[in-house]
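Working notes, beginning with the structure itself.
Values below: every heavy atom of this structure, side chains too, minus hydrogens, waters and symmetry copies.
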Amino acid sequence: MSRTSPRIAVLGTGAQGASVGADLLRAGLDVTYIEQWPAHVEAMRARGIEVRLPGETHVTPVHPLHLCEVATLREPFDIVFIVVKAYDTRWVAELIAPHVAEDGLVVGLQNGMTQDAIAAAVGAHRTMGAVIEVASNMFEPGIVNRQTPVSGSWFAVGAYDDAARGREHEVQTVLSHTGRVDVSPDIRSSKWMKLVANAGELVPSAILDLPLASAVALPGVHDFMIECGKEAARAALADGSRLVPIFGLSDDAVTDPDRYAADLLGEVLDSFSLPDTNTTVLQDWMKGRHAEYEEVNGLVVSVLAAAGQDAPYNAHTVRLAQEIEAGRMPRSAANVDALLDVPGRG
């Protein structure tokens, strides 16, 4: 990467992508937004991106493009941050691949294990994995509610494989404008650890139609979430990954899989959410959108099944999520008995 100031694209400028991009722009970096929600693009063109943070609000002028305008691009990007839903990763990576510099980098700031899909589209030598822990939401075009300030936001970055090893600092330097950034020597394991936390928190609280903190307060729900996380930790190990510290924790915080699963959920509750924080899955369902339950809880089920192990808590979570998306079950706190009634649990 020869440019002293990299040309950056944020591909997917919902709550997370838009707020990250705004911080980079405010730091004086060259950032282009690429977005699939037409009303959001037009709102940003007219008024910039408004980011509401605890204690302050800022409006930043941006240069947003509709997805259909990607074909008009001529100058390649040095760094592309992909910030779309995990299930959209492969096609957007293919879309942007021709517009990434040969020595550029593509970084998936997403839930789920998306780095393989990115590498398949742009090549391992241009792929960086990443973990993001920021609470935010967006319900109006052009307006982000970011509940986690820059001082409390956390990221990890790591090379997909040896082809990109040693270039992590390029992404770290850029992302440092929007939060703390650690370099992970084993980003696959780091992403699995985030999935361990996500398996417990994202979908179960959305099934109950409650903010995360309110869902955890219901009798039995916290224990249910921990069981989902335990299964995810076992899936990580079955997939060949290791237990590694994330969220800025130290090595001595890593214990056995069951204990660490509980600790990661506790860290999310204590450090990265507010009393009214709704998980991304609940936000999607509130908007009538498909959510990432297959890419999180469903992945735990499939990985453990391949290893000859069961994942009753995650399988049950997926079944209830499917019922809600099919319209056969409303999301509601009244679902708590159904949530806790897990078939096949030991």
Side-chain angles (χ1 to χ4, degrees), residues 111-113 129 131-135 148 152 154-156 158 180 182-208 212-273 277 279 281 293 295-318 336 339-340 342 344-346:
N111 292 324
M113 305 298 288
V131 183
I132 176 173
E133 190 58 31
V134 178
T148 311
W154 179 85
F155 302 82
R180 169 179 169 176
D182 292 336
V183 172
S184 170
D186 181 0
I187 195 63
R188 185 176 296 273
S189 292
S190 295
K191 286 184 72 62
W192 259 115
M193 296 303 98
K194 175 66 184 300
L195 194 145
V196 168
N198 283 348
E201 61 166 317
L202 296 186
V203 185
S205 61
I207 289 170
L208 299 173
L212 179 57
S214 299
V216 168
L218 293 179
V221 172
H222 187 239
D223 289 343
F224 178 94
M225 291 179 171
I226 290 174
E227 292 299 326
C228 287
K230 289 179 181 179
E231 291 176 357
R234 292 195 285 273
L237 297 175
D239 195 48
S241 287
R242 303 175 297 115
L243 304 182
V244 298
I246 62 169
F247 301 151
L249 296 171
S250 59
D251 287 333
D252 59 10
V254 180
T255 53
D256 65 274
D258 289 357
R259 181 68 255 165
Y260 193 38
D263 289 345
L264 287 178
L265 178 59
E267 189 67 16
V268 171
L269 291 167
D270 292 342
S271 303
F272 297 102
S273 61
T277 296
T279 68
V281 171
Y293 58 86
E295 291 73 22
V296 178
N297 305 86
L299 181 64
V300 173
V301 175
S302 62
V303 168
L304 285 182
Q309 302 178 48
D310 294 328
Y313 285 85
N314 282 278
H316 183 55
T317 298
V318 170
V336 64
L339 180 69
L340 300 180
V342 182
R345 59 182 170 183

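Remark: the backbone N or O of Val268 is not paired with any side-chain donor or acceptor of Glu201 at under 3.5 angstrom. Judged purely by atom type and a 3.5 angstrom limit, Lys194 has no side-chain atom pairing as donor or acceptor with the backbone of Asn111. Formation of a donor-acceptor pair under 3.5 Å by the Ser189 side chain with backbone atoms of Ser241 is not found in this model. Checked by atom type and distance alone, the side chain of Thr148 never pairs as donor or acceptor with a backbone atom of Val134 at under 3.5 Å. Not a single donor-acceptor pair under 3.5 Å links the side chain of Asp182 to the backbone N or O of Ala156. Asp256 places a side-chain N or O within donor-acceptor distance of the main-chain N or O of Asp258, the cut-off being under 3.5 Å. Without hydrogens or angle criteria, Tyr260 side chain to Val244 main chain gives a donor-acceptor distance under 3.5 Å.
When all heavy atoms of Val342 and Pro312 are compared, the closest pair comes out as CG1-O, 3.5 Å. Contact record, Ala311 with Val300: CB-CG1, 4.2 Å, taken as the closest heavy-atom pair. Annotation for Val303 and Ala238: closest pair CG1-CB, 4.3 Å, computed over non-hydrogen atoms.
Here CD of Gln309 is found 9.0 Å from CG of Leu237. Values are rounded to the nearest 0.5 Å. Within the model, atoms OG of Ser184 and NZ of Lys191 stand 10.5 Å from one another, a figure rounded to the nearest 0.5 Å. One distance of note links CG of Leu243 with CG of Asp251; it measures 12.0 Å at 0.5 Å rounding. Rounded to the nearest 0.5 Å, atoms CG (Leu339) and CE (Met225) are 8.0 Å apart. Distance CG/Leu340 to OH/Tyr313: 9.0 Å, rounded to 0.5 Å. Separating the CG atom in Asn297 from the OG atom in Ser302 is a distance of 11.0 Å, to the nearest 0.5 Å.
Counting heavy atoms from C-beta on, the side chains of Thr317 and Val301 never come closer than 4.5 Å. Residues Val203 and Val296 fail the side-chain proximity criterion, which asks for heavy atoms closer than 4.5 Å. Counting only heavy atoms from C-beta outward, the side chains of Tyr293 and Ile207 never approach each other to under 4.5 Å. With contacts defined as side-chain heavy-atom distances shorter than 4.5 Å, the pair Val254/Arg242 does not qualify.
No salt bridge links Arg188 with Asp186; every basic N to acidic carboxylate O contact stays at or beyond 4.0 Å.
Taking Lys230 as the reference, Glu227 meet the side chain to side chain donor-acceptor pair (under 3.5 Å) condition, with sequence neighbours excluded.
Using a 30° and 60° split on the angle between ring planes, His316 and Phe224 fall in the perpendicular class, above 60°.
Just one of Leu249, Ile246, Ile132 meets the side chain to side chain contact (heavy atoms under 4.5 Å, CB included) condition when paired with Trp154; it is Ile246.
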